[in-house]
Amino acid sequence: MADPATDPGAPTRQRAEPYVPQEIEPRWQAAWDRSGQHRIDLEDDSRPKRYFLTMFPYPSGNLHVGHWYAETPADAAARFQRMRGANVFFPMGFDAFGLPAENAAIQAARKGEDVHPARLTRERIASMTTQFQRMGAMFDWSKTLATCEPEYYRWNQWFFLRAYQRGLAYRKESYVNWDPVDQTVLANEQVVEGRGERSGALVERRLMPQWHFRITAYADELLDFGGLDWPERVKTMQTNWIGRSEGAEVAFTTDAGQEIRTFTTRPDTLWGATFLVLAPEHPLVATVTTDGHRAEVQAYVEAAGRLSEIDRQSEAREKTGVFTGAYATRPVDGARIPIWVADYVLVTYGSGAVMAVPAHDQRDFEFARSYGLDVVPVVQPADVERLDGATMTEAYAGDGVMTNSGPFDGTPTGKDAGPDGGVARVIMWLEERGLGERRVTYRLRDWLISRQRYWGTPIPMLYCDACGIVPEREENLPVVLPEDVAFMPTGESPLQHHADFQHATCPSCGGTARRETDTMDTFMDSSWYWFRYLAPDKSDGPVDSARVARWTPVDTYTGGIEHAILHLLYARFFTKMMRDLDLTDASEPFLRLRNQGMILGEDGEKMSKRRGNVVDPDDLVARYGADAVRAYLMFIGPWDQGGPWNPQGIEGVVRFLHRVWALVEDPAPEGGSADDATVAELRRAAHTAVAEVTDDLDRFRFNTAVAELMTLQNAMMKLKSGALVANDAWEEAVQLLLLLLAPITPHLAEELWHRRGFGESVHLQAWPSVDEGALVRSTIDLVVQVNGKVRGKVTVPSDADDAAVLEAAKSDANVVRYLAAGTLKREIVVPGKLVNLVVVG
RNA sequence: GCCGGGAUGGCGGAACGGUAGACGCAGUAGAUUCAAAAUCUACCGGGGAGACCCGUGCGGGUUCGAAUCCCGCUCCCGGCACCA
């Protein structure tokens with residue numbers, strides 16, 4: 001073959017125009033917009049529906065690489081499903097309420113400037129929408145929404161009222177997490193290691209009346225992930241968070257006749273309960289305490305109240321507590337045991353009081369040793385020497401045989417003892433005698449949704465002097481968040497000083513009422529938004545029930561792992577509540593969940609302005625084009641892993657895209673071969689890629705999909721010649737390559753598709769199917785093993801029988817050397833892939 | 001402590017139980033160039049001149065054959081954690 005590089009006489013290879021993504025991409029984005037190919041017909045039921053949902057972003061004002069990493073692979077998966085013949089709905093909107101915009105307004109107020117969160121948020125939504133267009137994604141912008149608009153949040157209020165009617169929303173005074181920086185209470189889910197999830201401030205415990213959703217009513221149902229294709233770790237995290245414990249509730253009676261209820265997972269150790277412990281906040285502490293101990297107990301309770309949650313739960317801390325002076329009766333045998341107050345017992349879990357069994361619970365053991373309380377073993381381990389309460393150095397929590405336990409002596413017991421074990425039998429025994437009952441307890445608390453903030457959905461409740469707490473009438477919704485507000489430099493919610501907003505008429509008696517000034521947790525907004533996408537303009541109800549029936553649950557939901565508990569738990573709860581309000585038949589919102597990892601800076605650290613390792617997607621697009629950014633983010637590694645940004649890595653992908661352009665557009669070198677073997681090789685390469693890319697995209701394995709496309713490009717480049725390009729098989733291979741590229745690099749594929757004159761948009765083509773015939777090889781590689789070692793490889797016709805295979809193996813000089821030493825034991829034929837000839841000496 | 005997920009070249013990572021390291025990055029050599037960039041070609045786990053040998057966190061096992069399956073560890077990441 002003449003090569004202009006080495007042969008000066010050879011004709012110079014003509015080059016087509018260069019690949020300039022910056023020119024191609026805006027042109028196609030505008031064309032797709034004009035043609036409306038991303039506007040979906042939600043009523044079209046001629047094709048199977050696929051609801052692809054990606055977690056809607058908070059309008060921070062600027063897209064960062066994380067958005068591109070989250071959205072563009074999801075877009076590739078959605079485009080792939082559309083080409084496979086599905087009617088794919090892939091909407092995008094904005095989670096628009098929240099503290100950052102309000103904090104910006106407060107900051108501005110401190111400087112005497114005027115910034116309003118509503119204006120700021122709407123501007124940011126507009127600029128981010130423009131930025132989103134540059135991704136070349138197939139978002140259907142005709143169905144977008146922003147949660148800060150009254151048309152959206154009025155339905156938050158509507159749901160709240162319906163939930164209130166059903167007793168699923170309620171107000172109660174309880175100990176809550178107060179974030180002193182953001183000046184609001186937070187849900188348990190928003191407190192991480194004792195600090196506010198957003199502000200990082202140490203949260204304080206405050207007793208305040210607040211609105212809650214009764215998520216605990218669904219605790220058991222939330223533990224059931226049946227039928228869901230979700231990552232194991234997300235299911236585990238939610239299961240841990242809900243924290244189900246089985247046990248019994250046992251009531252102890254004080255000498256003064258008050259009942260103290262305790263929860264235990266080990267009722268079989270009841271005979272070893274040598275004291276009771278109340279949490280400092282337990283309501284009975286004051287009434288139980290005897291006069292002689294009052295001062296000491298009061299001091300202890302006050303000191304405990306001053307401790308931050310993190311100090312109090314510190315593991316290193318030694319257990320402290322005080323005796324109340326009171327005694328209670330152990331119900332199983334009438335023994336009198338002392339009642340203590342200690343802050344290692346949490347008022348928020350179980351009943352806020354525990355029966356302490358120091359011999360078999362490490363915490364109780366440590367407390368008993370500190371204060372000289374009795375340690376009485378009631379479970380004897382089978383294989384260890386007898387436990388003695390006086391000499392034990394730690395609690396024994398394992399299995400064994402019950403002793404000192406009245407009628408149960410000799411019963412095998414422990415966590416693993418099963419239905420005939422002590423735990424189950426003692427519960428039955430307690431129930432028969434009315435001394436206690438089976439009880440399941442959860443770590444999960446009800447969802448606290450009140451926020452003492454401005455930029456959120458007003459809670460539609462009123463306080464009337466005559467009627468008390470009164471819900472707003474549905475027909476008066478929305479309770480509009482007033483925009484004529486002044487932001488305090490102190491950070492206090494302006495609603496607390498807005499007389500017009502607070503002034504209301506009581507729907508019950510017609511008198512004057514005061515409006516609730518707390519707003520809802522913004523996780524409320526994201527708990528049902530995918531229903532609203534289906535009919536964002538609907539004004540006579542929250543959702544279009546026919547579309548809900550057809551389109552939900554969401555088929556594939558994508559987003560960050562940081563929402564594993566928060567948003568995803570609330571969304572599941574909300575769907576179940578909506579089901580019970582007859583708004584949907586489904587019990588689960590999202591059938592398949594896939595989480596992307598996080599893109600880190602070049603240094604492997606989280607991207608931040610302070611570190612100076614932020615990569616700006618706008619710069620990347622200007623430099624390399626959107627397709628290169630998309631393809632690189634997909635190629636970087638498994639999507640759920642994320643990883644550091646590699647500036648040289650994207651160059652490799654850019655090279656690949658230029659090679660694709662050259663492969664399709666540049667003229668081929670003259671001559672070459674287009675014989676049957678060459679054509680078969682070309683078709684095999686193309687159809688192998690079809691098979692692999694199809695499988696990869698189906699399984700969200702974008703990195704190997706891109707690698708497969710690179711392999712195909714390499715193979716085609718190697719084979720490309722004047723003779724082959726003139727063959728129909730070349731045209732077919734180019735078409736397949738472009739079809740496979742379409743979800744990943746939509747602009748490049750579309751441009752080349754048109755340049756080749758293949759017809760209307762590549763994105764409206766059917767996804768190619770594999771021609772199995774093209775995959776069949778005329779020969780097969782034969783690996784020859786002797787005594788477990790690979791000793792050679794021979795190539796035989798794919799239809800060779802065992803005898804011919806053996807003959808072929810023997811024709812390999814190297815194999816024969818080893819074969820001579822042994823005898824043939826057997827041949828193992830792996831159909832379609834490999835043939836191994838095994839010889840044992 | 002309990003639960004979940006991992007560990008493969010210099011790096012990111014591939015491998016239905018079937019020749020480990022696909023694809024890419026970085027690197028080496030060469031072509032092109034006055035030179036460089038870009039591009040192209042070849043090489044690119046370790047040892048050995050070679051035949052070969054050794055290699056997927058560690059120790060066993062199953063199998064003709066194990067990164068992959070089983071048993072026992074080590075370390076790393078994530079979640080929960082004084083939750084009775």
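Below, chain A is the first sequence line, B the second, and so on; all start at residue 1.
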TODO: Could you check E318(A) against E366(A) for side-chain contact (heavy atoms from CB on, under 4.5 Å), going step by step and ending with a plain yes or no?
DONE: CA-CA 8 Å; E318(A) 218 164 275; E366(A) 285 166 22; over 6 Å; no

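Cation-pi geometry between R630(A) and W68(A) is not satisfied (NZ or CZ under 6.0 Å from the ring centre, within 45° of the ring normal). The cationic atom of R572(A) (NZ for Lys, CZ for Arg) lies less than 6.0 Å from the six-membered ring centre of W230(A) and within 45° of the ring axis.
Scored by the side-chain contact (heavy atoms from CB on, under 4.5 Å) test, T694(A) finds F80(A), R84(A), V690(A), W767(A) as partners (sequence neighbours excluded). Take D364(A) and apply the side chain to side chain donor-acceptor pair (under 3.5 Å) test, not counting sequence neighbours, and it matches Y344(A). With sequence neighbours left out, the side-chain contact (heavy atoms from CB on, under 4.5 Å) criterion links P283(A) to no other residue. Under the rule for a side-chain contact (heavy atoms from CB on, under 4.5 Å), E562(A) has no partner lying at least two apart in sequence or in another chain. Under the side chain to side chain donor-acceptor pair (under 3.5 Å) criterion, R659(A) pairs with no residue, sequence neighbours left out. Listed by chain and residue number, E259(A), R261(A) satisfy the side-chain contact (heavy atoms from CB on, under 4.5 Å) test with A251(A) (two or more places apart in sequence, or in another chain).
Across all strands shown, Q641(A) has heavy atoms under 4.0 Å from sugar-phosphate atoms exclusively, and none from any base. At a threshold of 4.0 angstrom between heavy atoms, the contacts of P638(A) are confined to the sugar-phosphate backbone, with no base atom among them.
Rounded to an integer number of Å, the gap from CD of E189(A) to C1' of rC80(B) is 13 Å. As rounded to whole Å, 16 Å separates atom P of rC80(B) from atom CG of L346(A). Regarding M717(A), its CE atom lies at a distance of 13 Å from the C1' atom of rU41(B), rounded to whole Å. Rounded to whole Å, atom C1' of rA38(B) lies 14 Å from atom OH of Y624(A). The interatomic distance linking I650(A) (CD1) with rC23(B) (P) rounds to 21 Å, in whole Å. The CE-P distance, from M598(A) to rG78(B), rounds to 11 Å in whole Å. Atom-to-atom, CZ of F252(A) to P of rA84(B) comes out at 16 Å; the value is rounded to the nearest Å. Rounded to whole Å, atom P of rC11(B) lies 17 Å from atom CD1 of I636(A).
Residue R443(A) places none of its side-chain N or O atoms closer than 4.0 Å to OP1 or OP2 of rC80(B). Side-chain nitrogen and oxygen atoms of S245(A) include at least one within less than 4.0 Å of the OP1 or OP2 phosphate oxygen of rA84(B). Side-chain nitrogen and oxygen atoms of N703(A) include at least one within less than 4.0 Å of the OP1 or OP2 phosphate oxygen of rA14(B).
Checking rC23(B), rC82(B), rA84(B) against the side-chain heavy atoms of A707(A) singles out rC23(B) as nearest. With rG4(B), rA14(B), rC80(B) as the candidates, the nucleotide lying closest to the side chain of W241(A) is rC80(B). Side-chain atoms of R233(A) lie closest to rG4(B) of the nucleotides rG4(B), rA84(B), rC82(B). Across rG79(B), rC82(B), rA84(B), the shortest atom-to-atom separation from the side chain of I565(A) is found for rG79(B).
Spacing between rC73(B) and rC82(B) at atom C1', rounded to whole Å, works out to 30 Å. When the C1' atom is compared between rU56(B) and rA66(B), the two are found 11 Å apart, to the nearest whole Å. With both ends at atom P, the span from rC11(B) to rG47(B) equals 16 Å, rounded to whole Å. Comparing the P positions of rC64(B) and rC77(B) gives a spacing of 40 Å, expressed to the nearest Å. To the nearest whole angstrom, the two P atoms, one in rG5(B) and one in rG46(B), are 34 Å apart. Here, rC58(B) and rU8(B) have their P atoms 11 Å apart, quoted to the whole Å. Taking the C1' atoms as reference points, rC16(B) lies 11 Å from rU68(B), given to the whole Å. Distance check on atom C1': rC25(B) versus rA14(B) gives 15 Å, rounded to whole Å.
Using cut-offs of 30° and 60° for the angle between ring planes, the H563(A) and H567(A) rings count as perpendicular.
Ring centroid separation for the pair F700(A) and F702(A) comes in under the 6.0 Å cut-off.
Nearest-nucleotide mapping onto RNA chain B: of G637(A) and E708(A), the residue sitting toward the 5' end is G637(A). A residue-by-residue look at F263(A) and P644(A) shows that P644(A) has its nearest nucleotide of RNA chain B further toward the 5' end.
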Please enumerate all protein N or O atoms sitting under 3.5 Å from an N or O of nucleotides 24-27 of chain B, with distances to 0.1 Å.
residue	atom	partner	partner atom	Å
rG24(B)	OP1	N714(A)	ND2	3.2
rC25(B)	OP1	R655(A)	NE	3.1
rC25(B)	OP1	R655(A)	NH2	2.7

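rG9(B): glycosidic angle within 90° of 0, hence syn.
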Open item on the list: In dot-bracket form, 5' to 3', how is RNA chain B paired? Count Watson-Crick and G-U wobble pairs only if both distances fall under 3.5 Å, and write | where the partner sits on another strand.
Closed with: (((((((..(((.....[....))).(((((.......))))).(((....)))..(((((..]....))))))))))))....

Can I get a per-line list of side-chain donor-acceptor pairs under 3.5 Å for residues 644-656 of chain A, giving both atom names and the distance, sequence neighbours left out?
residue	atom	partner	partner atom	Å
N646(A)	OD1	Q648(A)	N	2.9
N646(A)	OD1	G649(A)	N	3.2
E651(A)	OE2	Y624(A)	OH	3.1

